[in-house]
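Notes follow once the structure below has been shown.
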Amino acid sequence: MGETSTVTIDFRINSWLENAGIVGLTRILKANPRYRRSYKEKENTLEVDPKVFDNFSDLYFNFFIKNYGQATRYWRIVSEENFLKSLKENGFKDFDNKKLKELTDWFDNVLKYSVNSASYKKVIKFINSDYDIKAEVKDCNKKIRTLNKKNFLTKSPEEAKEILQELINQLLKAIEYFSTDQARKYFPAKTLSYTVINKAWNGVSFLNPQAKNLDFYDDYQNYFVAPVQKYLQEDHSKDKYICSTCGRPIKRLEYSYGFLNDMGYDLNRKTSNAWNFKNDLYICPVCQFLYSLVPAGFTYMASQGIFINENSSIRNLQGKNDATFNSMMRDIRSNTQTSPYRAFSAAFRDAEASGQNAALANIQLITYNNDHYNFQIIPIVASKVLIKAVEKKYTVKQTGEVKSYLANLYNAGISNFRGAGYYSILDNVLNCLFNNTNLFSIIQELELLKVGNTAGCYYNTFQIMTVIRMNGWFLNELHKYRRSENAMKVEEDKLTKARGCGMHVRMGYDNENKAKTLAYKMLEAIRANSTDRFMELLLNAYLYLDKTVPKIFIETQSNTEVFKEYAFAFIAGLIGSSNAEQDK
């Protein structure tokens with residue numbers, strides 16, 4: 001191929017797909033200092049020097065390795081080196097069954113699993129080494145099983161130490177093998193092809209299951225980049241067709257949206273999807289290349305992803321998404337429980353810090369969940385609630401740390417929720433707000449599980465109160481937005497008072513189970529929307545304690561939503577403790 005043209009190539013803000021590709025391209029180029037001056041940002045256009053296409057595949061995969069590599073088993077393999085060296089340097093003096101279990105778990109679930117996995121088998125042939133990793137791992141496995149025999153460490157300490165010395169030396173050589181330049185280039189990239197890249201596109205190039213098992217760096221370069229370089233060299237003055245995305249002229253109808261997940265379709269197999277069985281949705285090589293960058297523009301974690309389509313300018317588009325992305329990367333590096341929704345809250349924190357209180361209102365939000373995209377417009381009401389959740393702070397009594405109410409929900413969740421993975425409270429709160437839905441169903445569920453002492457509930461009643469407060473802000477903002485002048489307002493001091501009333505009732509009982517039974521009955525009354533039943537239970541409780549029913553419940557009976565807010569706050573006090581602020 002001849003020398004690439006010196007003219008710049010332009011990428012304009014368009015739909016969310018093109019915009020995600022633009023963000024992905026700038027991230028990839030910014031990640032390498034050599035290419036940071038190879039593009040210019042204008043208001044709505046990104047101008048790129050075509051020289052960046054030379055060996056672009058290296059930049060492409062390096063971006064994913066640098067940012068998502070720590071979430072791979074490969075990283076867990078090479079990061080074990082310090083632990084193994086510390087054992088060796090210490091002469092295995094403190095090596096006990098606990099450390100043996102830690103070593104065995106790492107070996108079984110990381111090293112051995114990786115070497116025997118299909119993706120690693122496809123990569124091994126690209127590593128220029130005579131080292132037989134499979135044979136070494138097989139031999140290490142025998143030594144690990146010997147060490148794990150019952151009481152072997154205590155019954156045969158000298159033999160155990162000898163086996164352990166040989167084992168650690170072998171494992172360090174295995175890590176040395178994985179630490180070579182070739183291994184660092186191929187192993188994590190292959191894994192990330194199946195855990196990150198294929199979330200946006202699939203079925204072509206190195207992700208085509210029927211394709212030959214070629215070097216995937218070369219495969220990406222030849223499939224996505226080389227056609228762009230060729231296109232830039234050609235004369236298009238006589239082209240008959242135009243790209244259905246950007247309007248560039250094209251000679252042939254070669255490329256389509258079919259490789260994009262949940263977006264396109266196979267033109268050869270599903271001709272009936274097009275008008276009169278003739279598809280006209282073909283794209284140019286430049287747009288195909290741009291779409292291959294969508295996974296770099298999104299912020300992914302596990303089966304979830306998020307993209308903020310703030311298309312007022314290139315700068316704003318990048319800024320909002322980079323705030324989310326950088327927050328996610330910090331969480332990954334610090335091994336913190338994270339999610340795209342949690343990372344997204346960073347954009348609200350930045351908006352609050354810069355005084356742009358409505359900066360994210362009415363902006364399109366694209367979320368990716370279990371292979372499907374969802375599209376939402378961030379409501380003004382939701383934006384105001386989240387800004388308030390970032391602005392309002394509280395102090396953790398035990399540590400003196402000042403936190404925002406939104407940050408209070410970061411690590412709150414339920415494991416094995418209804419038999420299906422982890423339930424993040426923050427994720428579900430944000431999802432409801434983005435759909436202009438109140439949080440009553442979430443509050444009901446959280447309190448019901450807490451009453452039943454359900455296993456796996458990693459949240460406390462102060463975090464339940466945070467959700468209740470946010471719901472109160474939502475209801476108040478909703479009434480403002482709808483200009484409901486006579487609507488009753490949820491008052492925060494009364495929420496605190498209602499919770500305190502619940503705590504006093506609980507402390508007045510001689511048996512903790514009485515408080516739990518009352519809480520359960522009250523939750524059932526709320527579920528049935530029966531204000532009368534709730535008031536009956538409340539009256540009986542106060543008669544039992546010979547006290548007067550708080551006025552807040554009597555005054556708000558006519559407004560179901562406000563009444564529910566104070567009722568849930570009362571139950572939070574009924575099932576909590578005076579130290580509920582302590583983070584679990």
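- With Asp493 contributing its side chain and Thr496 its backbone, the two residues share no donor-acceptor pair below 3.5 Å.
- Ring centers of Phe307 and Tyr368: at least 6.0 Å apart, outside the cut-off.
- In terms of modelled atom types and a separation under 3.5 Å, the side chain of Tyr423 and the main chain of Asn428 share no donor-acceptor contact.
- A donor-acceptor contact shorter than 3.5 Å is absent between the side chain of Thr395 and the backbone of Lys397.
- Without hydrogens or angle criteria, Asn559 side chain to Val562 main chain gives a donor-acceptor distance under 3.5 Å.
- The backbone N or O of Lys320 lies less than 3.5 Å from a partner atom in the side chain of Thr324, making a donor-acceptor pair.
- For the residue pair Thr104 / Asn148, a side-chain donor-acceptor distance below 3.5 Å is found, with atom types taken as modelled.
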One pair to check against side chain to side chain contact (heavy atoms under 4.5 Å, CB included): Glu524 and Arg527. What are the steps and the verdict? CA-CA 5 Å; Glu524 288 300 304; Arg527 190 197 295 271; 3.6 Å; yes

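- Here Glu81 pairs with Lys85 in a salt bridge; the nearest charged N to carboxylate O distance falls below 4.0 Å.
- Remark: the Asn431 side chain and the Asp427 side chain contain no N/O donor-acceptor pair separated by less than 3.5 Å.
- Between the side chain of Asn116 and the backbone N or O of Lys112 there is at least one donor-acceptor pair closer than 3.5 Å.
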Run Ile380 and Asn362 through side chain to side chain contact (heavy atoms under 4.5 Å, CB included) and show every step you take. CA-CA 6 Å; Ile380 293 175; Asn362 292 327; 3.6 Å; yes

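- Take Lys392 and apply the side chain to side chain contact (heavy atoms under 4.5 Å, CB included) test, not counting sequence neighbours, and it matches Lys388, Tyr405, Trp473, Glu492.
- For the atom pair Arg315 CZ and Leu317 CG, the distance stands at 13.0 Å (nearest 0.5 Å).
- Seen from the ring of Tyr113, Arg73 counts as a face-on cation partner, given the 6.0 Å and 45° thresholds.
- Nearest heavy atoms, Glu391 versus Lys393: O-NZ, 3.3 Å.
- Looking at heavy atoms from C-beta onward, Asn529 lies in side-chain contact with Lys564 at the 4.5 angstrom threshold.
- The side chain to side chain contact (heavy atoms under 4.5 Å, CB included) test with Ile378 singles out one residue from Leu365, Leu433, Leu386, and that residue is Leu365.
- At distances below 3.5 Å, at least one donor-acceptor pair connects side-chain atoms of Tyr459 with backbone N or O atoms of Leu446.
- Summarising the geometry, atom CD belonging to Gln444 is positioned 10.5 Å from atom CZ belonging to Phe440; distances are rounded to the nearest 0.5 Å.
- Within the 4.5 Å cutoff, side-chain heavy atoms of Ile197 are placed close to those of Phe64.
- For Thr517, the side chain to side chain contact (heavy atoms under 4.5 Å, CB included) partners at least two apart in sequence or on another chain are Lys521.
- Between Phe83 and Trp106, the ring centre distance reaches or exceeds 6.0 Å.
- By the 4.0 Å N-to-carboxylate-O rule, Lys199 lies too far from Asp371 to be salt-bridged with it.
- Two residues are said to be in side-chain contact when any heavy atoms from C-beta on lie closer than 4.5 Å; Phe434 and Thr367 fail this criterion.
- Between Phe570 and Phe563, the gap from one ring centroid to the other reaches at least 6.0 Å.
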Which pairs would a plain distance check flag for residues 538-551, meaning a side-chain donor or acceptor within less than 3.5 Å of a matching protein atom at least two apart in sequence or in another chain?
residue: Asn540; atom: ND2; partner: Glu536; partner atom: O; Å: 3.3
residue: Tyr544; atom: OH; partner: Lys514; partner atom: NZ; Å: 3.1

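- For the residue pair Ser312 and Glu310, a side-chain donor N or O sits within less than 3.5 Å of a side-chain acceptor on the partner.
- Looking only at distances, a side-chain donor or acceptor of Ser117 sits under 3.5 Å from a matching main-chain atom of Ser114.
- Ring-plane geometry between Phe298 and Tyr300 is classed as parallel, the angle between the planes falling under 30 degrees on a 0 to 90 degree scale with a further cut at 60.
- Formation of a donor-acceptor pair under 3.5 Å by the Lys403 side chain with backbone atoms of Glu401 is not found in this model.
- Side chains of Tyr458 and Asn411: no donor on one and acceptor on the other come within 3.5 Å.
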Given Arg27 and Asp322, is the side chain to side chain contact (heavy atoms under 4.5 Å, CB included) satisfied, shown in steps? CA-CA 9 Å; Arg27 284 177 179 171; Asp322 284 350; 3.0 Å; yes

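- Using a cutoff of 4.0 Å between basic side-chain nitrogens and carboxylate oxygens, Asp105 and Lys101 are scored as salt-bridged.
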Please test Asn19 against Asn311 for side-chain hydrogen bond (donor to acceptor under 3.5 Å, both in side chains), starting from the C-alpha separation and ending with a verdict. CA-CA 8 Å; Asn19 295 350; Asn311 59 1; 5.8 Å; no

Please lay out, stage by stage, how Val402 and Tyr394 fare under the test side chain to side chain contact (heavy atoms under 4.5 Å, CB included). CA-CA 6 Å; Val402 178; Tyr394 73 97; over 6 Å; no

